[in-house]
Peer 1: 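Input: one structure, supplied below.
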Amino acid sequence: MNAWAFMVFLAASAAAHDGPPYPIFTDRALGPYTVDLWGDPDVGTGTFYMLVDGSPQDEGVFVRLEVRPATGRLPWAATDARREPARKGLRFVGETRFDAEERWLVKVFIAGPQGAGGTEGTVDVTPPDLGRSGLWFFALPFLGVGALWAKALLTRRR
């Protein structure tokens, strides 16, 4: 019984994992700043992480993200990225809404005491994960093999 409780505990914590973000661009010069942009663009809420070379004491650095479908069916939607603590350099996180699984244009603007810069790229928005139901769906083959193995052990004992 304790083993079942442990597996349920693991299943609850594993359902929160959505997969790592991937690099959209790295070591790109935006004005005086060198920037890495990583993203996890899922339908619903997409998250972008911007790593900026600089001193953590750099005050007044501002990052803005804009997104829109590559088809142009919606206007640009802007969001200001919030600054998060980082051990090295500066880190900004921006969240934006995606309503469909398709290719989207992404614009990034950075401004600060040293100057300003911007760039544009594209991302393919992916479907959202299946949540807890997806965990059970993908676990079914393993549970089936486990059941066959248990049946073989019980048959062998007899």
Side-chain angles (χ1 to χ4, degrees), residues 5-143 145:
F6 183 70
M7 287 191 309
V8 169
F9 170 75
L10 285 179
S13 64
H17 183 65
D18 194 40
Y22 62 88
I24 297 169
F25 59 78
T26 58
D27 295 328
R28 186 167 296 179
L30 301 182
Y33 301 99
T34 303
V35 175
D36 297 342
L37 180 67
W38 291 64
D40 186 14
D42 290 333
V43 173
T45 301
T47 308
F48 293 92
Y49 304 89
M50 180 179 259
L51 306 171
V52 181
D53 284 345
S55 168
Q57 289 79 26
D58 284 345
E59 294 299 324
V61 177
F62 174 80
V63 174
R64 181 180 200 89
L65 295 165
E66 294 183 4
V67 297
R68 80 164 188 175
T71 59
R73 65 180 177 82
L74 294 174
W76 289 99
T79 184
D80 296 332
R82 69 183 181 279
R83 187 171 172 175
E84 288 192 342
R87 283 181 272 182
K88 180 181 173 191
L90 304 171
R91 176 180 159 154
F92 294 88
V93 177
E95 293 180 346
T96 188
R97 302 285 301 162
F98 294 111
D99 68 343
E101 181 182 348
E102 61 184 326
R103 184 163 290 227
W104 288 67
L105 302 174
V106 178
K107 286 184 183 179
V108 179
F109 300 100
I110 184 168
Q114 299 177 22
T119 189
E120 188 173 321
T122 60
V123 295
D124 291 321
V125 174
T126 56
D129 66 343
L130 299 175
R132 194 163 284 176
S133 62
L135 176 68
W136 290 110
F137 175 75
F138 291 115
L140 282 177
F142 298 100
L143 294 173
V145 169

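Residue numbers run from 1 in the order of the sequence given.
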Peer 1: Does some side-chain heavy atom of Ile24 sit less than 4.5 Å from a side-chain heavy atom of Phe48?
Peer 2: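 A side-chain contact under 4.5 Å exists here.
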Peer 1: Between Asp27 and Asp36, is there a side-chain heavy-atom distance shorter than 4.5 Å?
Peer 2: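 Result yes, sub-4.5 Å side-chain heavy-atom pair found.
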Peer 1: Working to the nearest 0.5 angstrom, can you tell me the gap between Glu95 CD and Thr47 OG1?
Peer 2: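 Atom-to-atom, Glu95:CD and Thr47:OG1 are 4.5 Å apart.
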Peer 1: Assess the side chains of Thr45 and Arg97: does a donor N or O sit below 3.5 Å from an acceptor N or O?
Peer 2: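 Yes, side-chain donor-acceptor contact under 3.5 Å.
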Peer 1: In a table with atom names and distances, give each donor-acceptor pair under 3.5 Å that connects a side chain of residues 106-127 to protein atoms at least two apart or in another chain.
Peer 2:
from   : atom 1 : to     : atom 2 : distance (Å)
Thr119 : OG1    : Arg28  : NH1    : 2.9
Asp124 : OD1    : Arg103 : NE     : 3.0
Asp124 : OD1    : Arg103 : NH2    : 3.2
Asp124 : OD2    : Arg103 : NH2    : 3.1
Thr126 : OG1    : Pro41  : O      : 3.2
Thr126 : OG1    : Asp42  : OD1    : 2.6

Peer 1: What's the separation between atom CD in Glu66 and atom CG in Leu105, rounded to the nearest 0.5 Å?
Peer 2: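 With rounding to 0.5 Å, CD (Glu66) is 11.0 Å from CG (Leu105).
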Peer 1: Minimum heavy-atom separation for Arg91 and Ala86, please, with both atom names.
Peer 2: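 Closest heavy-atom pair between Arg91 and Ala86: CB-CB, 3.8 Å.
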Peer 1: Could you pull out the closest heavy-atom pair between Phe98 and Gly46, with the gap in Å?
Peer 2: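 Shortest heavy-atom contact: CE1-CA, 3.6 Å.
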Peer 1: Please round to the nearest 0.5 Å and tell me the distance separating atom CZ of Arg82 and atom CZ of Phe92.
Peer 2: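 Going from the CZ atom of Arg82 to the CZ atom of Phe92 covers 11.5 Å.
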Peer 1: Is there side-chain contact between Trp104 and Leu74, with at least one heavy-atom pair below 4.5 Å?
Peer 2: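 SC-SC contact between Trp104 and Leu74 confirmed.
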